[in-house]
Enquirer: 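Take this structure, written in C-alpha cells, and hold onto it; I'll ask about it next.
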Amino acid sequence: MVYDRLLDELGPQYWWPADTAFEVIVGAILTQQTKWINVEKAICGLKEHCLLEEQALADADIGLLEDLIRCCGFYRQKASRIKGIASFFAENPMEDVFSLPLDELRRKMLSLKGVGNETADSIVLYAAGKPKFVIDAYTTRMMKCIGIEGSYIQLQQRFEAEIPEDVEIYKEYHALIVEYSKAFCGRNRCNECILKDLNENGY
DNA sequence: CACCAGGTTGACC
DNA sequence: GGTCAACATGGT
C-alpha cells in the first residue's frame with residue numbers, strides 16, 4: 001500500500017498543527033494558495049492580539065486583520081472571510097455545529113463564504129475530527145498522473161472507497177501526500193516510484 | 001524576472 | 001453540470 005510506504009519513508013506528520021479547532025479553521029482559510037510558513041506568521045500575529053477566538057475575531061477591526069494577515073496574500077478577502085466565519089461560530093457554538101451529522105456539517109461549512117470543498121473537508125477532518133478525505137491540488141495531480149481524472153467529489157469518493165474509513169488514516173494520508181509531493185514531485189509530473197506503487201499495490 | 005503556494009468566488013456558457 | 005479571470009504577498 002502506498003500509505004504504508006509514505007508513512008514508513010516520511011514518518012507521521014501529525015497534522016493539523018494548531019492549538020485549537022478554531023485555529024484550524026482560521027488556518028484553513030489563510031493557507032489557501034499560500035505557503036504554510038506565511039500562515040504561521042499570521043497566526044502568530046493574531047495570537048499576539050488575542051484574536052484567535054470566535055467573538056474577539058468577529059469584533060476585530062478589519063484594517064487590523066488585513067495588516068496581520070497580509071503575508072498570506074489575498075488579504076482583503078481573507079480578512080473579511082475569517083471575520084465572517086468567526087461571527088458564525090460566535091453565534092453558533094462549535095460544539096453544537098460539530099455535533100451535526102457529517103453531511104449536514106459539511107454543507108453548513110460550505111455555506112460559509114470562503115469555504116469551498118477542500119476547506120470544508122479540512123475543517124470536518126482536522127477541526128471536527130470526522131472522516132472526510134481531503135483532496136487538494138497535489139492529490140489531484142497525483143491521480144491525474146496515473147490516469148484518473150474527475151471532479152473533486154469523484155476523486156474523494158474513489159479515495160474513501162479504497163481506504164479504511166478512519167479519521168487518523170485520513171489525516172495522515174492527506175498530510176503525507178502533500179509532504180511527499182512537495183519533496184519529490186514536479187509541477188506537472190509525479191515521482192515515478194509512487195505512481196508505480198499506486199498502480200501495482202493500491203492506495 | 002517568471003513562477004508558484006495545503007483555493008474560492010461570481011460570471012458565464 | 002463545467003470553465004475562467006480575479007484575488008495578492010513572499011520566496012526561489
Side-chain angles (χ1 to χ4, degrees), chain A residues 3 6-7 10-18 21-46 62-88 106-129 132-145 148-157 159 167-191 194:
Chain A
Y3 173 72
L6 292 179
L7 188 57
L10 302 174
Q13 305 298 307
Y14 304 114
W15 273 19
W16 189 294
F22 189 63
E23 185 179 327
V24 173
I25 295 171
V26 172
I29 297 295
L30 296 181
T31 198
Q32 291 166 1
Q33 288 292 289
T34 302
K35 290 192 168 74
W36 185 254
I37 184 68
N38 293 323
V39 177
E40 287 183 317
K41 294 174 191 164
I43 293 279
C44 227
L46 289 169
I62 194 70
L64 172 60
L65 290 182
E66 290 178 356
D67 287 342
L68 291 173
I69 70 171
R70 178 161 288 122
C71 59
C72 295
F74 304 135
Y75 65 92
R76 280 198 291 221
Q77 43 176 287
K78 283 179 180 174
S80 103
R81 287 170 182 179
I82 59 175
K83 183 161 171 156
I85 290 166
S87 298
F88 171 80
R106 188 177 194 277
R107 277 197 298 278
K108 185 71 80 179
M109 293 302 95
L110 277 176
S111 74
L112 300 173
K113 189 161 297 181
V115 178
N117 279 314
E118 183 181 338
T119 305
D121 290 333
S122 294
I123 293 171
V124 169
L125 181 62
Y126 293 105
K132 259 291 152 195
F133 198 85
V134 178
I135 303 294
D136 64 1
Y138 294 120
T139 314
T140 302
R141 183 182 62 200
M142 194 171 83
M143 292 293 96
K144 184 175 181 179
C145 287
I148 296 175
E149 298 189 58
S151 66
Y152 183 97
I153 298 299
Q154 290 172 322
L155 292 178
Q156 180 177 58
Q157 287 173 341
F159 261 91
V167 171
E168 293 312 311
I169 291 178
Y170 281 15
K171 286 182 179 178
E172 273 302 319
Y173 207 167
H174 171 240
L176 286 165
I177 288 172
V178 173
E179 293 307 325
Y180 185 86
S181 299
K182 287 200 284 199
F184 303 114
C185 300
R187 180 70 187 84
N188 285 307
R189 75 180 150 68
C190 282
N191 178 285
I194 195 175

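Chain letters run A, B, ... following the sequence lines, proteins first and then strands; every chain starts at 1. This is a predicted model, so every value here is computed, not measured.
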Enquirer: Would you mind reporting whether A/M142 and A/Y180 have side-chain heavy atoms less than 4.5 Å apart?
Expert: no
Enquirer: Which residue, A/G114 or A/S122, contacts DNA chain B at a nucleotide closer to its 5' end, judged by nearest heavy atom?
Expert: A/S122
Enquirer: Quick one: pull up CD1 in A/I82 and CD1 in A/I25 and give me the separation to the nearest 0.5 Å.
Expert: 12.0 Å
Enquirer: Do A/T140 and A/Y152 come within less than 4.5 Å of each other through their side chains, counting heavy atoms only?
Expert: no
Enquirer: Between A/P17 and A/L110, which residue's closest nucleotide on DNA chain B lies nearer the 5′ terminus?
Expert: A/P17
Enquirer: Would you classify A/V115 as touching base, sugar-phosphate or nothing, given that sugar-phosphate means primed atoms plus P, OP1 and OP2, and contacts are heavy atoms under 4.0 Å?
Expert: sugar-phosphate
Enquirer: Can you tell me how far P of C/dG1 sits from CD of A/Q154, to the nearest Å?
Expert: 10 Å
Enquirer: Which part of the nucleic acid, if any, lies within reach of A/A28 when heavy atoms closer than 4.0 Å are counted: base, sugar-phosphate only, or nothing?
Expert: nothing
Enquirer: Say we look at C/dC7 and B/dG6: how far apart would their P atoms be, to the nearest angstrom?
Expert: 22 Å
Enquirer: Applying salt bridge (charged side-chain N to carboxylate O under 4.0 Å, His left out), name anything that partners A/R70, two or more places apart in sequence or on another chain.
Expert: A/D67
Enquirer: Quick one, give me the B/S/- string for nucleotides 4-12 of chain C, reading 5' to 3', where B means a protein heavy atom under 4.0 Å from the base and S means that only happens at the primed atoms, P, OP1 or OP2.
Expert: ---BBSBS-
Enquirer: With a sphere of 6.0 Å drawn around NZ of A/K83, does it hold more than 12 non-hydrogen atoms of other residues, nucleotides or ligands?
Expert: yes
Enquirer: Check side chain to side chain contact (heavy atoms under 4.5 Å, CB included) between A/E168 and all other residues, then give those that pass, not counting sequence neighbours.
Expert: A/D166, A/K171
Enquirer: At a heavy-atom distance below 4.0 Å, which nucleotide of DNA chain B is the first touched by chain A, and which is the last?
Expert: B/dC4 to B/dG10
Enquirer: Starting at CZ of A/R81, measure out to CG of A/L30 and round the result to the nearest 0.5 Å.
Expert: 11.5 Å
Enquirer: Hey, can you pull the residues of residues 171-181 of chain A with a non-hydrogen atom under 4.0 angstrom from DNA chain C?
Expert: none
Enquirer: Is any side-chain heavy atom of A/E118 less than 4.5 Å from a side-chain heavy atom of A/Q32?
Expert: no
Enquirer: For C/dG10 versus B/dT8, give the span between their P atoms, rounded off to a whole number of Å.
Expert: 22 Å
Enquirer: Near A/K113 NZ, under 6.0 Å, is it more than 12 heavy atoms from other residues, nucleotides or ligands?
Expert: no
Enquirer: How are the rings of A/F159 and A/F133 set relative to one another: parallel (under 30°), tilted (30 to 60°) or perpendicular (over 60°)?
Expert: parallel
Enquirer: Show me the pairs that pass salt bridge (charged side-chain N to carboxylate O under 4.0 Å, His left out) and involve residues 27-39 of chain A, at least two apart or across chains.
Expert: none
